[in-house]
There are 2 protein chains.
Amino acid sequence: MASSSSSSSSGRRLNIDNINPHVKAAKYAVRGELAVKSEEYRAYLQGGRTDLPFSEVISANIGNPQQLDQKPITFFRQVLSLLENSVLLEKEDVLLNHLGYKKDVIERAKKLLKVVGSVGAYSASNGVPAIRQSIADFLERRDGFPASQSDIYLSAGASSGVNTLLHIICKDENSGILVPIPQYPLYTASLAVLNAQCVEYHLDESKNWGTDLTVIKESYEAAKAKGIDVRAIVIINPGNPTGASLSESDIRSVIEFARQERLVILADEVYQTNVFIGEFISFKKTLRQLQKEQPDAGFDQVELASLHSISKGMVGECGHRGGYFELVNFDPDVQQEIYKFVSIMLCAPVIGQCLVDLMVNPPQPGQPSYELYKKEYDAIYDGLKERATALHKAFEQMEGVECGSPQGSMYLFPSINLPPKAAEAAKAEGRSPDEFYCLRLLEATGVCVVPGSGFGQKDGSLHFRTTFLAPGTEWVGSIINFHKEFMDKYR
Amino acid sequence: MASSSSSSSSGRRLNIDNINPHVKAAKYAVRGELAVKSEEYRAYLQGGRTDLPFSEVISANIGNPQQLDQKPITFFRQVLSLLENSVLLEKEDVLLNHLGYKKDVIERAKKLLKVVGSVGAYSASNGVPAIRQSIADFLERRDGFPASQSDIYLSAGASSGVNTLLHIICKDENSGILVPIPQYPLYTASLAVLNAQCVEYHLDESKNWGTDLTVIKESYEAAKAKGIDVRAIVIINPGNPTGASLSESDIRSVIEFARQERLVILADEVYQTNVFIGEFISFKKTLRQLQKEQPDAGFDQVELASLHSISKGMVGECGHRGGYFELVNFDPDVQQEIYKFVSIMLCAPVIGQCLVDLMVNPPQPGQPSYELYKKEYDAIYDGLKERATALHKAFEQMEGVECGSPQGSMYLFPSINLPPKAAEAAKAEGRSPDEFYCLRLLEATGVCVVPGSGFGQKDGSLHFRTTFLAPGTEWVGSIINFHKEFMDKYR
């Protein structure tokens with residue numbers, strides 16, 4: 001008997017108490033209450049109202065570059081326009097002489113159309129073979145180690161890749177995955193939906209949010225002692241929300257640990273070009289180096305899945321939902337199951353796949369589009385760095401706020417030390433203090449950030465995550481003013 | 001302790017015996033062994049080899065119009081090219097005078113860019129509000145009943161929408177969903193991954209694959225008797241793989257049954273414009289009519305989710321992964337959970353969302369692009385109908401093959417009556433007879449179809465599904481010849 005149907009007074013079949021409890025358990029604050037409220041404010045302002053204390057909503061809650069100031073890269077979009085309307089290729093003279101398209105734009109569009117056919121057709125489930133080859137070539141150039149197109153899977157953004165990998169790895173409700181805290185909530189949300197165990201390990205705020213292997217081991221052992229079957233470790237590098245950029249020795253330690261404990265490594269490397277201090281080092285390169293240095297140590301059995309995306313970096317094309325993951329040292333039978341799983345959703349968006357090709361294979365020196373590409377790319381990079389630095393300076397002068405120097409990604413994740421009265425006022429509203437703070441900030445300034453509790457934080461500590469994508473300095477000033485008034489009010 | 005890690009002799013963490021068993025259990029024949037083999041043949045032929053009995057692979061296994069002959073609709077792609085490279089809008093004279101773009105193309109692109117911002121930015125999780133409004137307007141025109149943008153969710157193709165809905169509806173391993181047999185394997189595969197119960201009900205081949213309520217009730221009662229918590233019924237109309245187009249009375253019966261038994265209706269209506277006999281009638285319209293006719297009967301409590309897509313019809317833009325679903329009579333709290341669930345993957349591809357807008361709001365009589373649009377649209381429709389008819393005629397003359405008249409969708413699903421010797425030969429290879437037949441067909445002719453077992457069929461019956469998208473008649477002739485030789489060999 002359908003027992004749940006009789007529990008509700010409504011005639012509807014579904015209610016909040018009888019749907020999938022694992023979906024209900026998932027939390028995703030990046031698009032939660034504050035984000036919804038900020039959109040309401042935006043609509044209100046667009047309706048011509050002027051009775052709010054701000055005239056603009058700043059969506060600093062989500063890494064969405066083109067919603068804010070970032071312009072798409074000309075070369076990319078010129079090629080995409082030709083892929084969408086290939087008839088234009090019959091008018092080469094018009095493209096070259098009247099529309100500013102360069103020869104290499106036209107050549108690239110022709111080359112892609114040859115391998116893709118129509119961007120309106122399904123591709124192979126794991127992506128267009130020639131685009132997978134293009135990615136493999138990029139990985140070989142980046143890391144200095146071989147890569148194979150058959151190990152690469154195009155995805156609808158990295159999120160969809162994470163979803164695929166967690167679906168394969170998690171066997172049952174006893175399967176555990178080590179996830180950094182704070183983390184991008186995609187991981188905890190996906191594990192909640194899958195009804196698998198999130199085994200949290202804390203990053204070390206005192207060391208600019210680096211990994212601390214002692215802490216990781218403690219979490220791992222504690223989970224094992226509880227009988228959890230820990231199967232994989234997630235690393236986000238550069239970090240989200242923390243912005244941390246891992247050193248090579250940190251990466252080596254994690255791989256060594258994964259080898260010892262036979263853990264799959266999920267390396268979320270979508271911010272690999274958003275690095276301001278030092279340089280990005282890939283898990284793949286480090287793993288292959290360890291294999292080379294210690295050929296008999298078993299590093300060839302360490303499974304690594306590395307994810308990348310067109311959504312971040314200087315590309316910033318989130319709306320196109322493109323990305324890929326590379327599998328290293330995976331069992332071929334397991335790869336077949338991954339292929340079948342992605343087949344059920346048919347394929348990643350083909351125009352997004354083409355954009356992945358453009359990202360990993362941009363114009364080169366000497367090619368007609370190179371100069372403009374380089375100029376645009378550098379301007380975005382420099383702009384992000386400048387904004388990060390300006391925002392960091394602002395945080396430095398705010399009472400009770402602490403924030404490490406910006407290292408990478410698109411975020412700062414300051415800690416905030418709020419007076420006890422603020423905590424009491426938050427409690428009276430049934431909110432955590434950081435949520436309370438972020439809500440008041442939104443109401444006072446129109447700036448939408450995400451409370452640290454949306455990513456996880458150590459008990460007793462409070463944070464918020466903000467992107468540094470928004471242009472101008474006015475909004476930064478309004479945060480400073482708000483903070484002062486808030487502290488004065490609750491001191 | 002991580003018990004599964006010690007069971008394998010390899011040092012790898014994951015092997016075929018310890019990954020997620022529910023992913024392993026999923027079957028998806030549309031992209032299974034035969035499809036993989038056909039791609040190998042294609043690559044072989046592209047390598048210049050001439051030692052196969054055919055010179056071309058015909059992918060009749062999947063409804064992928066633009067991989068075969070179907071050209072994209074000019075208006076759609078012109079608009080998309082401007083969305084991808086909005087700088088072109090500054091050169092209106094060039095677009096109009098040198099590239100054949102019409103005024104309404106430029107206007108539409110401007111209108112979409114105004115509401116979308118950049119197609120490279122994330123949209124709201126449920127899709128661009130203005131595009132949801134555009135869909136709601138279309139639904140009101142189509143059905144003559146109100147529709148609200150807040151009940152519409154843009155998705156990455158209908159597949160992703162089905163995935164969302166099943167995730168919400170299925171509570172645990174005891175939750176059951178009534179699924180037609182034969183069916184598009186997305187449903188069985190998704191239910192397998194979710195570890196929920198697929199409650200099969202057979203369509204009536206003798207009535208051109210219509211629904212038979214007696215049979216549905218029997219399946220439902222049998223499942224209930226087993227203790228399964230049956231929560232929803234899937235209807236694919238027009239049918240896939242069957243091509244059946246449901247009558248209004250069939251639709252009314254299903255809704256009446258859903259009302260009585262409190263079942264959610266999942267109406268997969270992606271082939272709504274691929275109808276050759278009669279006209280498409282939506283579940284939404286019929287449900288609202290029943291509500292109007294019997295206001296107190298409780299039809300306002302019947303939950304309906306209706307899915308549509310840009311992949312099929314005369315649009316045929318599968319590679320762009322666009323679609324939407326409309327929720328009717330759903331509980332607002334449940335809708336909030338759906339919103340959160342889709343938020344985890346952020347949003348559907350924005351360019352695909354724009355294509356949904358173009359599909360539901362194409363050029364109208366009197367507008368500059370209308371004439372060409374109408375011409376292209378009609379040519380695709382007529383071409384599909386002609387090919388369906390030609391293929392059907394071919395099946396009529398084949399020994400032991402029976403196939404109803406083409407009614408809709410993109411497929412024919414003939415039954416094949418094979419000699420006992422063929423069944424024996426299949427068994428010797430460890431295959432089902434229909435799989436055996438389809439494999440021999442591929443090897444002999446290069447035509448790739450899907451065995452009926454990939455969709456489900458009554459015990460003892462055999463079928464295959466073929467699209468009628470491929471141009472020309474040569475491939476149809478080769479099927480006829482193959483069939484004759486096959487029958488002669490195993491008679």
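Protein chains get the first letters and strands the later ones, always in sequence-line order, with residue 1 at the start of each.
Taking the side chain as every heavy atom from C-beta outward, A/Ser123 and A/Cys347 approach each other to under 4.5 Å. Residues B/Leu83 and B/Val116 form no side-chain contact, since every pair of their non-hydrogen atoms from C-beta on lies 4.5 Å or further apart. The shortest distance between side-chain heavy atoms of B/Val230 and B/Glu261 does not fall below 4.5 Å.
Most heavy-atom pairs under 4.5 Å with chain A, from the set B/Gln353, B/Lys340, B/His22: that is B/Lys340. Comparing A/Gly316, A/Ala258, A/Ser118 by how many heavy-atom pairs each has under 4.5 Å with chain B, the most go to A/Ser118. Of the listed residues (B/Lys91, B/Gln78, B/His98, B/Lys24), the one with the most heavy-atom contacts under 4.5 Å to chain A is B/Lys24. Top candidate by heavy-atom pairs under 4.5 Å with chain A, chosen from B/Pro72, B/Ala189, B/Ser125, is B/Ser125. With chain B as the partner, the residue from A/Val264, A/Leu346, A/Thr74, A/Asp93 showing the most heavy-atom pairs under 4.5 Å is A/Leu346. Ranked by heavy-atom pairs under 4.5 Å with chain A, the list B/Gly319, B/Ala35, B/Ser190 is led by B/Gly319. When each of B/Ala196, B/Cys318, B/Gly176, B/Pro129 is scored by its heavy-atom pairs under 4.5 Å with chain A, the top score falls to B/Cys318. Interface summary for chain A: among B/Gly120, B/Gly298, B/Gly117, B/Gly352, the most heavy-atom pairs under 4.5 angstrom belong to B/Gly120. For the options A/Val315, A/Asn195, A/Asn20, heavy-atom pairs under 4.5 Å to chain B are most numerous at A/Asn20. Of the residues considered (A/Leu80, A/Ile344, A/Val94), A/Ile344 shows the highest number of contacts with chain B, using heavy-atom pairs under 4.5 Å.
For a residue to count as touching a neighbouring chain, one of its non-hydrogen atoms must lie under 4.5 Å from one of that chain's; by this rule B/Leu68 does not touch chain A. Proximity to chain B (any heavy atom under 4.5 Å) is restricted, for A/Leu88, to the side chain, taken from C-beta onward. When heavy atoms are compared at a cutoff of 4.5 Å, A/Ser311 approaches chain B solely by way of its side chain, counted from C-beta outward. If you measure heavy-atom distances from B/Phe76 to chain A, you find no contacts under 4.5 Å at all. Neither the backbone nor the side chain of B/Ala156 comes within less than 4.5 Å of any heavy atom of chain A. Of the atoms belonging to A/Gln67, heavy atoms from both backbone and side chain fall under 4.5 Å from chain B. With a threshold of 4.5 angstrom between heavy atoms, B/Tyr184 approaches chain A through side-chain atoms but not through N, CA, C or O. Residue B/Tyr187 does not touch chain A at all, counting heavy-atom pairs closer than 4.5 Å. For A/Val162, no part lies under 4.5 angstrom from a heavy atom of chain B. The parts of A/Val23 that come within reach of chain B are both its backbone and its side chain, each placing non-hydrogen atoms under 4.5 angstrom from that chain. The contact between A/Ala124 and chain B is made entirely by backbone atoms, counting heavy-atom distances below 4.5 Å. In this structure, no portion of A/Leu82 lies under 4.5 Å from any heavy atom of chain B. For B/Ala348, the part lying under 4.5 angstrom from a heavy atom of chain A is the backbone only. When heavy atoms are compared at a cutoff of 4.5 Å, B/Val119 approaches chain A by way of both its backbone and its side chain.
Distance check: B/Leu95 CG to A/Leu99 CG gives 6.5 Å after rounding to the nearest 0.5 Å.
A side-chain N or O of B/His320 and one of A/Glu84 form a donor-acceptor pair less than 3.5 Å apart. Judged purely by distance below 3.5 Å, without hydrogens or angles, the side chains of A/Tyr101 and A/Ser81 pair a donor atom with an acceptor atom. A/Arg321 and A/Ser160 form no side-chain donor-acceptor contact under 3.5 Å, judged by distance and modelled atom types alone.
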Checking A/Leu469 against A/Asn64 for the side-chain contact (heavy atoms from CB on, under 4.5 Å) test, could you report, in this order, the C-alpha distance in whole Å, the side-chain angles of both residues, the deciding distance, and whether it holds?
CA-CA 8 Å; A/Leu469 295 166; A/Asn64 193 4; 5.6 Å; no
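Looking at B/Lys27, its side chain never comes within 3.5 Å of a backbone N or O of B/Pro185 through a donor-acceptor pair. The closest donor-acceptor contact from the side chain of A/Arg259 to the backbone of A/Ala297 lies under 3.5 Å.
Note on A/Arg77 versus A/Glu317: salt bridge recorded, some NZ/NE/NH1/NH2 to OD/OE distance being below 4.0 Å. Using a cut-off of 4.0 Å between Lys/Arg side-chain N and Asp/Glu carboxylate O, A/Arg231 and A/Asp229 are scored as salt-bridged.
Closest heavy-atom contact between B/Asn329 and B/Phe299: ND2-O, 3.2 Å. Between B/Gly227 and B/Asn174, the shortest heavy-atom contact is O-ND2, 2.9 Å.
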